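Single-structure report; data block below.
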Number of protein chains: 2
Amino acid sequence: MTFKTFIADYATAVEDICREYFNQNRERIKIKKEAVAVKNLSIIVNSTLKLSNEKGFNAMSLRDLSADSGLSMGALYSYFASKDELLLLIQKHGQLTMKRILRDELEKCGTVRDKLHAMVKTHLYLSEAMQYWFYFLFMETKNFSRESRTFSIDSELLTEGMIIDILKEGIDQDIFPVIDTRLTASVIKAMMQDWYLKRWKYKRRNISVDEYADYLISFIETYLRRQT
Amino acid sequence: MTFKTFIADYATAVEDICREYFNQNRERIKIKKEAVAVKNLSIIVNSTLKLSNEKGFNAMSLRDLSADSGLSMGALYSYFASKDELLLLIQKHGQLTMKRILRDELEKCGTVRDKLHAMVKTHLYLSEAMQYWFYFLFMETKNFSRESRTFSIDSELLTEGMIIDILKEGIDQDIFPVIDTRLTASVIKAMMQDWYLKRWKYKRRNISVDEYADYLISFIETYLRRQT
DNA sequence: GTCTATAGTGCGATAGAC
DNA sequence: GTCTATCGCACTATAGAC
């Protein structure tokens, strides 16, 4: 798997998320034609992510969003009931999609080593393809409601849990040395997150997501090599 | 060095930063008595950091700050000219203090291995002692002015540069294997940053900063062990 | 040196024309 | 389904009393 093959499979992810949101909230949304709604929702979401990445969701006014999306203030409110609901749409549906993709990719794997590679690559590819989305989720969590914050924390722990399971499986099979799986999973997650938290740095240095993935995998494998 | 010995040396860091700010802006600040000014500035800074960590600097109103600090709106404006200036005070003076402490601690070291250990420990201890400050600087960068953002980026690259220098020195002395120093420094930084970005996680698990530091050092050393 | 009261601004949200 | 015009509110910042 390379980034190019990955992106071909998930090019319509944003549109899919918007369609799902539309279908789940049909009664409340004033627009009735699916094609129109999904198109405009995608524009709204993309504009919101762009503007929020620049100056934060709180600092982004709906007037900014109106100007950037090309929709009027009134039109925006046909798609969501409040600014908070827009935040929720992006958080909830974004996170669900990411979890689903990550799980799907992992299920294709046979060996422990395959799983570890798929975990690192899929996470990095996802955060590359949905860069704004990942950055948004990380930076804006504190603006969420109590319930949403819990959801966000669970999401972090879920990914970490998946890494822990892979490490444990490897230790059981005598492939990896005996290590602190929770701390190791934690720092692996931190290294993967750096890709989208410091995107500007890697861009400036012309490091591609595939190069970063290869480096990370070799770094982790060196640590997990059993001392003979 | 443990966290306990470290904190004893730098207990007055916040107060020192406020005193420095006061002395550099004597003409503009309406309060004239140093003792009063430094005391209230410390309260203001601590309240700002606390509130910003909860909901972000933008979402924190000066009414919130007034309530939390116990100073009236009018009194607050005796210490700074605008909300933006308050942001600048925290950013600029905080960053300078951190750089200074980091450099001081590294200069005490003799061997390459000592330097690497001091780097990890000092960075973690600093981010533990000034947790709110570090989190603030990371999360609020997008609210900074253009010039301030550059300053912030330089600060990130400076720390990374210090790690690169240590790695290069180790490679030259045949202590470390030949590796990509820039990428390695980058992921080491990412792992150190995780300590303050996910403070809630480590707190929940009762992992102390000394335990995290020891784990990180052993992780890095395993990677840097020359294969025989 | 600190307070209260308030001016002026820009926000989120909505009503009603088209 | 989208627009423009506008309301009420909360914000930053300041003026003037104590």
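These figures come from a predicted structure and were not determined experimentally. In what follows, every chain begins at residue 1, and chains take the letters A, B, ... in the order their sequences are listed.
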Considering every strand and a 4.0 Å limit on heavy-atom distances, what is the contact class for [X]: base, sugar-phosphate, or nothing?
X: A:Asp84; value: nothing
X: B:Ser61; value: sugar-phosphate
X: B:Asn58; value: nothing

> Is it the case that A:Ser186 and B:Tyr202 place a side-chain donor and acceptor less than 3.5 Å from each other?
Replying inline: yes

> With a 3.5 Å cut-off and no angle check, do the side chains of B:Thr184 and A:Tyr215 form a donor-acceptor pair?
Replying inline: yes

>> Quick check: on DNA chain C, is the nucleotide nearest A:Ala81 upstream (toward 5') of the one nearest A:Asp64, or the reverse? Name the residue that is more 5'.
In response: A:Asp64

>> Can you tell me how the ring of A:Phe6 sits relative to the ring of A:Tyr10, calling it parallel under 30°, perpendicular over 60° and tilted otherwise?
In response: tilted

>> Is the terminal nitrogen or CZ of A:Lys92 (NZ for Lys, CZ for Arg) located under 6.0 angstrom from the six-membered ring centre of A:Phe144 and within 45° of that ring's axis?
In response: no

> Is there a residue in residues 23-35 of chain A whose heavy atoms reach under 4.0 Å of DNA chain D, and which residues are they?
Replying inline: A:Lys30, A:Ile31, A:Lys32, A:Lys33

Would the distance check show the side chain of [X] and the main-chain N or O of [Y] forming a donor-acceptor pair, the cut-off being under 3.5 Å?
X: A:Thr48; Y: A:Ile44; result: yes
X: B:Thr97; Y: B:His93; result: yes
X: B:Ser52; Y: B:Leu49; result: no

> Whole-Å distance between D:dA13 C1' and B:Leu65 CG?
Replying inline: 14 Å

> To the nearest Å, how far apart are B:Lys55 NZ and D:dA10 P?
Replying inline: 13 Å

> Under 4.0 Å between a side-chain N or O of B:Tyr77 and OP1 or OP2 of D:dA13?
Replying inline: yes

> For B:Tyr196, which of B:Trp133, B:Tyr125, B:Phe134 qualifies under ring pair (Phe, Tyr, Trp, His ring centres under 6.0 Å)?
Replying inline: B:Phe134

> How far apart are the C-alpha atoms of B:Gln193 and A:Lys198, what are their side-chain angles, what is the distance that settles it, and do they pass the side-chain hydrogen bond (donor to acceptor under 3.5 Å, both in side chains) test?
Replying inline: CA-CA 12 Å; B:Gln193 278 188 309; A:Lys198 309 269 179 61; 2.5 Å; yes

> Of all nucleotides in DNA chain C with an atom under 4.0 Å from a non-hydrogen atom of chain B, which is the first and which the last going 5' to 3'?
Replying inline: C:dG1 to C:dT4

> Starting at the 5' end of DNA chain D, which residue's closest nucleotide do you reach first, A:Arg63 or A:Tyr79?
Replying inline: A:Tyr79

